[in-house]
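In what follows, a structure is listed as structure tokens, so that the remarks can point back to it.
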2 protein chains.
Amino acid sequence: MQKEHNLSKNQKIIFDLIDKSGEPMKAYSILFNVQKKGIKAPLQVYRALDKLVEIGKIHKIESRNVFIACQNSSCQISKATAFSICESCENVSEISNSKLSKYLSNFSDESGMKYSKYNLEFFGMCKKCKSK
Amino acid sequence: MQKEHNLSKNQKIIFDLIDKSGEPMKAYSILFNVQKKGIKAPLQVYRALDKLVEIGKIHKIESRNVFIACQNSSCQISKATAFSICESCENVSEISNSKLSKYLSNFSDESGMKYSKYNLEFFGMCKKCKSK
DNA sequence: CTTGTAAATGTTATATTATTACATAACGTT
DNA sequence: AACGTTATGTAATAATATAACATTTACAAG
Ligand SMILES: [Zn+2]
Ligand SMILES: [Zn+2]
Ligand SMILES: [Zn+2]
Ligand SMILES: [Zn+2]
């Protein structure tokens, strides 16, 4: 069962925006979109984003500096994330593949380092873009 | 056999700096360090970095916005990268594990998307930091 | 209910990371 | 030499993110 997080006002505004957009969003585009709701400064956006990432409601796509709503409604893991990114249209989707996540969560090497978290980004051409 | 790339003057200066440092470096720290060699503007640094990334001599650690020299001297792959990052001391090392790279290079799912590239970042505490 | 504490907010300024635009030079091939 | 490609130089600016500080809200312990 996923822990319930009561989102604060700003967190809710920003999560709803990202979630409804269904697309990756940039921080300053989010800022622009929520200014009518009274959120006026970058820091207000970044603070909400930080919290939402922390609790796993959204993820940051590091190679693109964008944020998307978690598409794995059942998973509370912001510690084991995998995405596919189309290099042509920049479409992003979250990969939820239990074999992959098991493989990576159990991965260890000779470094003696214990991995508690990972982020994986796959790149390629999506179906739509390929057929063009 | 890896293709030989003749680095240009700026590319060589910047690659040598990163390679010798043995550490992840930030773009503006690189800039600061090469100013005595006549490289005065961010763009000169970013252009060299772009090229070096493209040919696989260095890699960008996306979650940190830093660059490190490729530690896999034998591999020409800038298309299949994996790193371990210590969240305490920010030490980064490149993982070269043939099973892992095979597994990920062959990964496919039902999306119909063909993945031509991936980047994986593992996070945790390195040996040194754990023992403190 | 009040007091203490953590979390969230508001606001201004600033730091950090990266690119646009345009001009010139060097390199490699024919 | 002429051509196309790659690299360089320079100035300005865009895009991303954080520091510092003041205040407010939420919520639990006493
Ligand atoms: Zn998710
Ligand atoms: Zn696409
Ligand atoms: Zn490498
Ligand atoms: Zn460490």
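Convention: sequence-line order gives letters A, B, ...; per-chain numbering from 1.
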Whole Å only: how far is the CD1 atom of B/Ile55 from the C1' atom of D/dA7?
13 Å
Nearest-neighbour nucleotide for the A/Gln11 side chain, C/dA21, C/dT9, C/dA18 considered:
C/dT9
Using a strict threshold of under 4.0 Å (side-chain N to carboxylate O), is an ion pair present between A/Glu87 and B/Lys117?
yes
Which atom pair, heavy atoms only, marks the closest approach of B/Leu100 to B/Ala82?
CD2-CB, 4.1 Å
Take the protein atom CD1 of B/Ile39 and the nucleotide atom C1' of D/dT8, then report the distance between them rounded to whole Å.
10 Å
Whole Å only: how far is the NZ atom of B/Lys60 from the C1' atom of D/dT16?
11 Å
Rounded distance in Å - CG (A/Asn10) to P (C/dA8):
10 Å
Using OP1 and OP2 only, check whether a side-chain N or O of B/Lys9 sits under 4.0 Å from C/dC27.
no
Respond yes when some side-chain nitrogen or oxygen of A/Gln44 is under 4.0 Å from OP1 or OP2 of C/dT9, and no when none is.
no
Is there a side-chain contact between A/Ser8 and the phosphate of D/dT25, meaning an N or O under 4.0 Å from OP1 or OP2?
no
Side chain of B/Leu43, heavy atoms from C-beta onward: which of D/dA17, D/dT10, C/dT12 has the nearest atom to it?
D/dT10
Nearest whole angstrom, please: distance from the P of D/dA11 to the NZ of B/Lys40.
8 Å
Nucleotide nearest A/Tyr46 (side chain, heavy atoms from C-beta), chosen from D/dT10, C/dT9, D/dT18
D/dT18
Expressed in angstrom and rounded to an integer, what is the separation of B/Ile30 atom CD1 from C/dT17 atom P?
11 Å
Face-to-face stacking of B/Tyr28 with C/dT17, centres under 5.5 angstrom, angle under 30°:
yes
Heavy atoms only: give me the nearest B/Gln71-B/Glu94 pair and the separation to one decimal.
N-OE1, 2.7 Å
Where the side chain of B/Lys20 meets the backbone of B/Phe15, is there a donor-acceptor pair that is under 3.5 Å apart?
no
Nearest-Å distance, CZ (A/Arg47) to P (D/dT24)?
15 Å
For B/Asn6 and C/dC27, is the shortest distance between a side-chain N/O and OP1 or OP2 below 4.0 Å?
no
Of B/Lys51 and B/Asn65, whose closest DNA chain D nucleotide lies nearer the 5' terminus?
B/Lys51
For the side chain of B/Lys26, counting heavy atoms from C-beta on, which of C/dA21, C/dT16, C/dG10 is nearest?
C/dT16
What is the nucleic acid contact for B/Lys12, judged by heavy atoms within less than 4.0 Å: base, sugar-phosphate only, or nothing?
nothing
Interatomic distance, CD1@B/Ile68 vs NZ@B/Lys57, rounded to 0.5 Å, equals 14.0 Å
A/Leu31 CG - C/dT12 P separation (whole Å):
14 Å
